[in-house]
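Accompanying notes for the structure given below.
What you see is a predicted model, and the numbers here were worked out from it, not measured in a lab. Hydrogens, waters and symmetry mates play no part in the numbers below; they use all other heavy atoms, side chains included.
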Amino acid sequence: MNLTASLGRFDPQRWLPAMPKLPPEECVTFRVLVQVMVTIGIVLTDLAGGTTFSLWAIGVSAIGATFSWHRRHERNIAVKFLLAIAMLAALGSFFSSLIASPGDTRLALAALLIELQVVHSFDLPRRKDLGYSMVIALVLIGVAGTLSQTLEFGLGLFAFTLVAIPALMLDYRSRLGLPPLVTTAAAHLLPALVGSTLAVLVGGSIAFVLMPRLSGYQWRAFPVSADLPMPKEFNPERLRNPGYPVRGGTSTAGGSAQSATEKPTFDPVQYGGFNSQVDYNLRGKLKPTLMMRVRSQSAAFWRMMAFDEYTGSGWRLTPGRITTLNRQSPIPVFYLPHPNTRLTSRELIGTFNILTEMPNLIPAASWGNQLYFPATQIASDRENALRSPSPLSPGLTYTVISNVPIPDVERLRKAKRLYLPAIRNRYLNLPPGLDPAIARLSRNLTREAGDPYLQALTLAQHLKQTYELSNDVPQFQGRDDVARTLLFKRKGGMPEHFATTLVVMLRSLGVPARLVTGFSSGEYNPFTGYYEVYNTDATAVTEFYLPDYGWFAVDPVPGRPLLPPSLAQSEYNLPLQVWNQVAGWIPSSWRETIARAFAALAAFLVVLFAWVATLFGTLGSLAGLAVLATLAAVVGLVWGGGRLWKRGQDWWAIQQLPLEERLYRQALALLKHSGLERAPTQTPTEFLNAVQAQAPETGRVFAVITTNYLEWRYRDYRVDTTGMQLTLQTLKRLTPPFFSRLRSAPLP
């Protein structure tokens with residue numbers, strides 16, 4: 001009985017070490033700002049990831065924050081026990097999501113953080129608990145930044161910055177133990193707050209513009225969506241274009257059922273060049289539709305497929321060997337058959353986000369090496385086109401690593417015409433009855449171009465400079481094939497007609513060539529970092545073959561670069577991309593004026609340097625530039641040294657004051673930079689009363705220094721200077737250390 005009674009009277013506080021109890025956070029403004037930061041993070045994650053967390057998390061989190069405010073002085077043991085169970089449940093949900101989607105863990109991580117924040121919002125008594133919520137909000141912003149593809153994220157980031165800066169200020173004041181700000185003191189800090197916000201926004205914008213888009217993902221953890229549903233039977237030879245669906249032996253295009261032998265109707269969304277057979281007599285106007293967004297450190301031609309058999313009015317992909325690739329590990333990575341080349345290459349990483357349904361062809365930059373794709377099987381045909389088990393659906397995300405060769409003109413021009421039989425038999429064929437005038441024209445144009453590389457560039461330049469783009473082209477029938485109509489009858493055609501004509505002209509010269517369809521790089525958005533690719537960006541280019549070096553693309557379409565964009569042309573120049581984007585918004589007359597102004601400035605500098613060079617020589621001019629740079633550095637040092645000298649003089653002048661006067665002046669400087677400035681007309685007693693009214697705790701400390709100062713100054717009493725110094729140290733802890741520097745103290 002005595003033992004039971006003793007256990008009944010057991011008090012764990014007698015045996016456990018006493019832990020200091022932190023005071024609760026009393027600043028309502030701080031709590032509201034933290035809750036707004038969390039709300040912005042949740043909303044941005046929803047917008048970027050297409051999720052629905054905000055439908056419940058924002059409201060429940062606000063309820064939890066209100067509950068924790070009212071219960072901030074309680075121990076809440078039962079509530080904390082329930083919250084621990086809820087956190088374990090959130091962790092279990094996270095692991096289940098991770099197993100279901102191992103390729104892309106960003107949304108799973110965001111869901112875990114949001115669930116933890118909702119649970120944690122019911123227990124926010126102290127400042128450090130609010131700091132944890134601020135960290136979660138910041139991590140959510142980072143996750144949303146990796147998912148975002150539109151400018152809405154920029155607006156949300158701007159709002160987050162406006163809220164985060166005052167929240168950090170209040171967090172810092174809370175760390176120092178300062179009381180909540182009153183209206184008057186907050187008004188004094190408003191200019192500094194506005195200035196800090198502008199500095200952060202301007203500095204961050206400049207850093208974003210100047211930061212190059214270097215190759216990332218060094219840990220090979222690439223964004224990949226959840227696995228696609230595999231069809232019962234994966235037939236890699238079958239192409240599925242949503243614009244030409246086939247059901248039960250009938251083809252339904254444009255919404256009308258037709259016989260499989262009839263010509264399908266034109267689809268205004270899907271490009272007709274992504275099919276096993278292309279008929280250029282099927283025409284229409286595409287309705288601009290955003291197909292995908294691509295994040296890449298360089299622009300490129302997003303290749304889809306290639307054709308080998310020219311029919312006169314279009315192209316056909318002849319059946320051939322197709323390689324099926326199986327995924328060998330839980331990581332959704334496929335190692336692609338990469339063509340060998342003697343050229344040096346550079347790695348190009350592109351992450352593709354599909355927005356509109358597309359054929360089961362996987363867009364990628366040429367010379368692909370690794371594919372991170374959410375499927376267990378894919379296929380690769382002998383034209384190096386990648387095929388998915390099912391059409392690419394909206395929301396699909398995958399990543400391709402390409403080893404793009406850097407063209408070396410000298411080496412490419414030395415390529416020999418030793419083609420393997422498989423290349424000759426497949427990529428030199430022309431339809432019977434082709435007009436021999438095409439071959440004669442091709443030979444005449446390339447009479448001085450002895451190598452295939454120069455021949456391809458010469459013919460492409462001739463097509464660009466001689467013919468024009470036109471949509472008014474008659475139907476191709478009989479001998480009036482695509483190439484003959486463009487060269488001799490219409491003197492122009494559509495982009496696909498130019499690419500087809502170049503293939504025919506190269507084949508007539510014995511150079512293997514093929515037609516390739518895909519998307520141009522699209523329009524680069526410097527604010528999101530994505531290339532926005534529309535269906536109207538779908539086009540065709542020409543590829544020609546060089547032994548030992550592989551296939552190379554050339555674009556004969558007027559108004560477009562001769563060579564599709566590549567790493568050698570881009571070099572990650574983000575400032576130039578931003579300027580090109582901004583220049584597109586400026587009227588052409590203004591652009592010409594700006595260009596002329598820069599040209600005039602450059603010409604003036606060249607003339608000035610030439611004139612100086614005539615007087616002093618080239619070495620003398622360079623020496624002069626070095627002298628000017630040195631003078632600029634000296635001026636900067638003198639200016640900075642002068643400011644340091646002035647601050648040193650102020651510090652020295654304060655040190656010459658009596659200790660009592662110096663301590664009082666230092667206290668005034670501390671209060672001034674914390675928002676409590678003494679007016680010239682105020683007496684020490686009046687200023688003390690004002691401080692006590694606005695900040696009672698600070699006023700109690702400052703009263704000790706003021707009383708001693710008045711006793712010394714007006715009554716000539718000996719005061720306790722050691723006590724004043726200790727009191728000043730206490731006042732420093734109540735004000736930000738940044739404002740406690742003596743250089744800011746006013747002179748008497």
(message) Between Asp481 and Tyr310, is there a side-chain donor-acceptor contact under 3.5 Å, judged purely by atom types and distance?
(response) yes
(message) Run the side-chain contact (heavy atoms from CB on, under 4.5 Å) test against Pro432 and tell me which residues pass, sequence neighbours left out.
(response) none
(request) Sequence neighbours left out, what passes side-chain hydrogen bond (donor to acceptor under 3.5 Å, both in side chains) with Tyr427? Give chain and number order. (result) Glu383
(request) For residues 313-324, pull every pair meeting salt bridge (Lys or Arg N to Asp or Glu O under 4.0 Å), keeping only residues two or more places apart or in separate chains. (result) Glu309-Arg316
(request) Taking the side chain as every heavy atom from C-beta outward, state whether Leu562 and Gln461 have any pair of such atoms under 4.5 Å apart. (result) yes
(message) Is it the case that the side chains of Asp308 and Thr318 hold a donor-acceptor pair, with the cut-off being a distance below 3.5 Å and no angle test?
(response) yes
(message) For Tyr419, does the six-membered ring have the charged nitrogen or CZ of Arg424 within the cation-pi criterion, i.e. under 6.0 angstrom from the centroid and within 45° of the normal?
(response) no
(message) Phe519 and ring pair (Phe, Tyr, Trp, His ring centres under 6.0 Å): which single residue from Phe274, Tyr271, Phe352 fits?
(response) Phe274
(request) Can you label the angle between the Phe544 ring and the Phe552 ring as parallel, tilted or perpendicular, going by 30° and 60°? (result) tilted
(message) Can you list everything that forms a side-chain contact (heavy atoms from CB on, under 4.5 Å) with Ala449? Sequence neighbours excluded, please.
(response) Thr446, Leu454, Gln455, Thr458
(message) So, using side-chain hydrogen bond (donor to acceptor under 3.5 Å, both in side chains) as the criterion, who are the partners of Asn444 when residues are at least two apart?
(response) Arg447
(request) Could you tell me whether Glu357 and Arg240 have a side-chain N and a carboxylate O separated by less than 4.0 Å? (result) no
(request) Among residues two or more places apart or on two chains, list those pairs meeting salt bridge (Lys or Arg N to Asp or Glu O under 4.0 Å) that have a residue in residues 396-420. (result) Arg413-Asp451
(request) Answer yes or no: does atom OH of Tyr335 have more than 12 heavy-atom neighbours from other residues, nucleotides or ligands under 6.0 Å? (result) no
